[in-house]
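Only a predicted model underlies this, so the values are computations on that prediction, with no experimental measurement involved. Below, all heavy atoms of this structure are taken into account, side chains as well, without hydrogens, waters or symmetry copies. Letters A, B, ... are given to chains in the order of the sequence lines, protein chains preceding strands, and every chain is numbered from 1.
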Amino acid sequence: MELSLFGDLNQRNVVNSGGYPIPANFFDAFSEMARQIWLLHHLTFSFDLEALIFEVKKGCRFSKVYMESVTEDAFLSMENPQVSFTVVPRFPIANFKSAFTLEDLFLTQGICEKTRNSNVPMSKAENITDIFEISGYLKMLQRLEAVKTRGVSYSNITFPPSKHFTSSSNVINFKQLHAKLIRNGDMENILTVGKLVADVAISNPANLSYARLIFSNLKYPPNIFMWNSMIRGYAHSSTPKEALILFLEMREKGYSPNNYTFPFLLKACNQLMDLNLGLGIHGIVIKYGFEDCDVFIQTSLVNFYASCGSVQIARLLFDRCLQRDVTSWNALIKGYVRSGRYMDAIRVFRAMQDRVDIEVDEITLLGVVLACSQLGALEMGRWVHAYIEKSRMEMSMNLGTALIDLYARCGSIDLAVNLFKKIREKDVRTWSVMIGGLAVHGLAKEALGFLSDMQRDGIDPDSVTFTHVLRACSHAGMVAEGLRFFDIMSEVYNVEPTIEHYGCMVDLLGRAGCLDEALGLIKRIPYKPDVVLWGSLLVACRTHKNVVMGEMVAKEMLKLDPNHCGAHVFLSNIYASVGQWCEVDEVRNSMKELGIKKSPGSSLIELDGDVHEFVAGDQSHHQTNKINMMLDEIARLLSLEGHVPTVKGIPYDIDEEEKEQALSQHSEKLAVAFGLINTKQGTPLRIVKNLRVCEDCHSAMKLISKVFNRLIVIRDCSRFHHFSGGLCSCKDYW
DNA sequence: GTAGGGTTAG
């Protein structure tokens with residue numbers, strides 16, 4: 001696309017490409033708000049030559065400079081040369097070339113030397129805003145107004161209360177204080193008032209409007225401290241967008257942000273999960289030269305990108321940081337965890353330990369524990385536990401809770417219970433994690449026992465606790481108990497059922513075969529049923545082979561999400577299980593047309609501190625030959641035990657032998673074979689699987705546990721199965 | 001005078 005030279009502000013593309021192509025859809029990637037911020041800060045600025053050189057000398061780096069196309073001769077013959085150009089700061093977007101300075105540009109155009117020789121005095125410019133002259137300023141104001149009144153559609157997001165609002169100070173107290181200041185004439189003292197605004201703004205989101213009232217009715221202009229305080233208040237409130245609007249107002253009034261402003265702004269972008277907005281803020285950070293010198297801002301950026309799912313950018317920035325402290329490392333570790341890159345999180349942790357200047361702290365370990373629990377890496381988790389004890393670090397309630405969760409998620413419920421008993425201080429989360437752990441292990445009676453203990457300790461169950469309690473009932477087939485808890489949670493404990501609780505109930509009824517009741521419940525709930533909720537019923541339809549209802553449910557799901565892979569696969573599986581191969585073909589063809597691929601089954605197994613991943617049919621592991629031999633051996637021994645592969649769920653109209661072949665390559669079987677080869681006789685095998693265990697693998701695992709005399713623990717996406725001596729802890733109810 | 005990283009379900 002041909003871009004105009006100095007475009008009208010109303011046009012989307014205001015820049016000339018100066019030799020480097022700007023992607024035509026560049027501005028499409030921006031949300032409206034980001035665009036406002038971006039435009040406000042990156043428009044065509046008129047610099048005089050002094051200012052230009054000033055910027056260059058300050059080391060300001062730009063990724064692009066777009067100059068008015070005057071010829072060199074014309075430029076040099078001007079009496080008072082004015083260069084109009086647009087700057088785009090260094091910016092981590094793939095299409096952008098790496099940074100270069102104005103000096104580079106001038107050198108390439110052969111005028112740098114000449115301007116240097118002209119001895120232009122470096123005088124007037126005090127700061128960047130002094131020398132910027134934003135053209136089209138009034139138009140910008142109009143556009144800002146439009147954004148403010150139109151609003152951006154964040155209203156449906158709810159935000160948890162922030163940890164920053166620890167004080168529950170009643171607004172009345174602040175009003176009294178305010179009145180006192182007025183009476184004593186202290187409102188003239190900008191420092192005192194600043195403190196008041198800051199305190200009120202951060203005390204409680206509910207007090208923000210009062211803080212704003214003080215802030216807006218001052219007899220003198222607020223200082224940057226007050227602006228920051230207000231922005232901080234909004235950044236941590238349920239309306240973080242206000243922080244950015246306030247920032248725009250601040251800029252309109254001619255204030256420059258300082259180093260304190262940016263962490264608050266990035267916090268707001270983080271809350272809004274708006275990548276484009278943060279990109280805009282990042283641009284401003286660079287413009288003000290903070291990117292390379294402020295560790296707080298750098299960490300805020302790392303954290304922001306990581307939270308918004310751009311962990312690669314976070315890593316890029318992290319690697320480029322001049323200063324890194326424990327918080328920066330923690331932000332990166334958490335970023336990897338949030339993005340599901342657990343092994344990377346652990347790699348970063350290991351690299352961190354090699355650093356003599358960085359000391360691991362509780363938050364680091366929390367991140368690592370989280371990664372381990374997702375990976376099912378029990379040994380690594382135990383190592384963290386030992387590390388805490390060895391380093392005499394205090395086992396805080398948070399860390400204890402995370403570790404209990406880890407043990408439970410890694411299949412070691414005994415270790416979880418032991419640790420739970422040792423921890424003195426417990427809150428509702430500690431209890432909930434314990435109850436949840438017992439629930440997924442199918443230990444419903446024990447879970448309910450802990451629920452009573454918890455109440456005896458004076459702690460009331462919350463919404464999450466009840467999710468676990470209902471799930472415990474569901475896994476154990478305790479329908480009556482589940483229904484009872486569902487009733488009393490709102491009646492007695494004032495916990496209103498959420499869609500998750502309804503999901504548990506659908507699951508509970510569905511598993512128990514009460515499909516009509518489950519469907520009835522879905523029709524009665526006060527929420528719009530979502531894909532997850534229908535999904536629970538769909539699983540039940542498959543288990544109980546109700547083709548008619550299953551078909552209806554899958555179609556409902558596809559109405560909500562036409563690309564829902566699970567619904568397609570279940571539909572195909574349902575047809576396959578009753579031999580309706582034409583319908584199977586139809587579903588598979590429509591999947592092909594829509595470009596949907598079934599996510600492959602994947603199993604993880606930890607060996608000597610390393611996690612090995614196996615994908616169904618995977619032949620890429622370096623021990624593949626040995627694994628295949630072991631699989632043959634398993635098949636031989638199992639057939640001696642009378643095992644006949646259950647091929648019903650296989651969604652292909654292929655011959656029986658091929659079906660058996662497909663089954664034998666399920667990821668958990670590969671992982672078990674690998675485990676059997678590489679561990680000593682009697683060592684338990686712990687496997688984490690991303691999907692549900694299929695019927696054939698389930699019965700095979702029972703027999704493998706018997707024939708090889710091993711405890712096999714498999715965590716699938718819904719619960720644990722402990723296979724031992726030919727039986728499974730789920731009692732075949734899953 | 002102000003700042004960055006934090007635990008439970010789905």
Could you tell me the separation between the CZ atom of A:Phe318 and the C1' atom of B:dG4, rounded to a whole number of Å? 13 Å
Listed nucleotide nearest any side-chain atom of A:Ile363, set B:dG6, B:dT8, B:dG1: B:dG6
How would you label the contact of A:Glu362 with the nucleic acid (heavy atoms, under 4.0 Å): base, sugar-phosphate, or nothing? base
Taken to the nearest whole Å, CZ/A:Phe225 to P/B:dA3 is 8 Å
Just to be sure I understand the rule, does A:Asn303 reach a base, reach only the sugar-phosphate, or reach nothing, if contact means heavy atoms closer than 4.0 Å? sugar-phosphate
Over all strands shown, is A:Leu191 touching base, sugar-phosphate only, or nothing at heavy-atom distances under 4.0 angstrom? base
Quickly work out the A:Lys195 NZ to B:dG1 P distance and round it to whole Å. 10 Å
Quick one: salt bridge (Lys or Arg N to Asp or Glu O under 4.0 Å) pairs with a partner in residues 495-511 of chain A, sequence neighbours left out? A:Asp507-A:Arg511
For A:Lys195, all residues meeting salt bridge (Lys or Arg N to Asp or Glu O under 4.0 Å), sequence neighbours excluded: A:Asp199
A:Ile281 CD1 to B:dG4 C1': how many Å, rounded? 16 Å
Reckon A:Ser300 touches a base, only the sugar-phosphate, or nothing at all at heavy-atom distances under 4.0 Å? sugar-phosphate
By the 4.0 Å heavy-atom rule, please label A:Val369 as base, sugar-phosphate, or nothing. nothing
Any idea which of B:dA3, B:dG4, B:dT8 is nearest the A:Leu370 side chain? B:dT8
Is any side-chain heavy atom of A:Asn494 closer than 4.5 Å to a side-chain heavy atom of A:Asp460? no
Residue set satisfying salt bridge (Lys or Arg N to Asp or Glu O under 4.0 Å) with A:Asp405, at least two apart, ordered chain then number -> A:Arg409
B:dA3, B:dG6, B:dT8: which one has an atom nearest the side-chain heavy atoms of A:Asn259? B:dA3
Rounded to the nearest Å, what distance is computed from the CD1 atom of residue A:Ile423 to the C1' atom of nucleotide B:dT8? 13 Å
When you measure from the side chain of A:Val532, which nucleotide among B:dT8, B:dG4, B:dG10 comes out closest? B:dG10
Among B:dG1, B:dT2, B:dG4, the one nearest A:Asn223 by side-chain distance: B:dG1
Under the side-chain hydrogen bond (donor to acceptor under 3.5 Å, both in side chains) rule, collect the residues that match up with A:Arg324, sequence neighbours excluded. none
Let me know the distance between CD of A:Gln374 and P of B:dG10, rounded to the nearest Å. 10 Å
Which whole-number value in Å describes the distance from A:Tyr305 OH to B:dG4 P? 18 Å
Side chain of A:Asn398: nearest nucleotide among B:dG10, B:dT8, B:dG6? B:dG6
Verify the stacking flag for A:Tyr260 against B:dA3: centroid separation must be under 5.5 angstrom and the ring planes must differ by under 30 degrees. no
Just compare B:dG4, B:dA3, B:dG10 and give me whichever is closest to any side-chain atom of A:Glu500. B:dG10
Ignoring hydrogens and geometry, is there a side-chain-to-backbone donor-acceptor pair from A:His236 to A:Arg232 under 3.5 Å? yes
Is the distance between the ring centroids of A:Trp329 and A:Phe318 under 6.0 Å? yes
If the condition is side-chain hydrogen bond (donor to acceptor under 3.5 Å, both in side chains), which residues does A:His564 pass it with, not counting sequence neighbours? none
Which of residues 462-472 of chain A sit near DNA chain B, with a heavy atom under 4.0 Å from it? A:Val464, A:His468, A:Arg471
Centres of the A:Trp431 and A:Phe420 rings: under 6.0 Å? yes
How is A:Lys334 classified with respect to the nucleic acid when contacts are heavy atoms under 4.0 Å: base, sugar-phosphate, or nothing? sugar-phosphate
Report which part of the nucleic acid A:Asn270 touches: base, sugar-phosphate, or nothing (heavy-atom distance under 4.0 Å, all strands). nothing
Between B:dT2 (P) and A:Phe247 (CZ): distance, integer Å: 21 Å
Using a heavy-atom cut-off of 4.0 Å across all strands, would you classify A:Gly436 as base, sugar-phosphate, or nothing? nothing
Base, sugar-phosphate alone, or nothing: which one does A:Asp294 contact when heavy atoms must sit under 4.0 Å apart? base
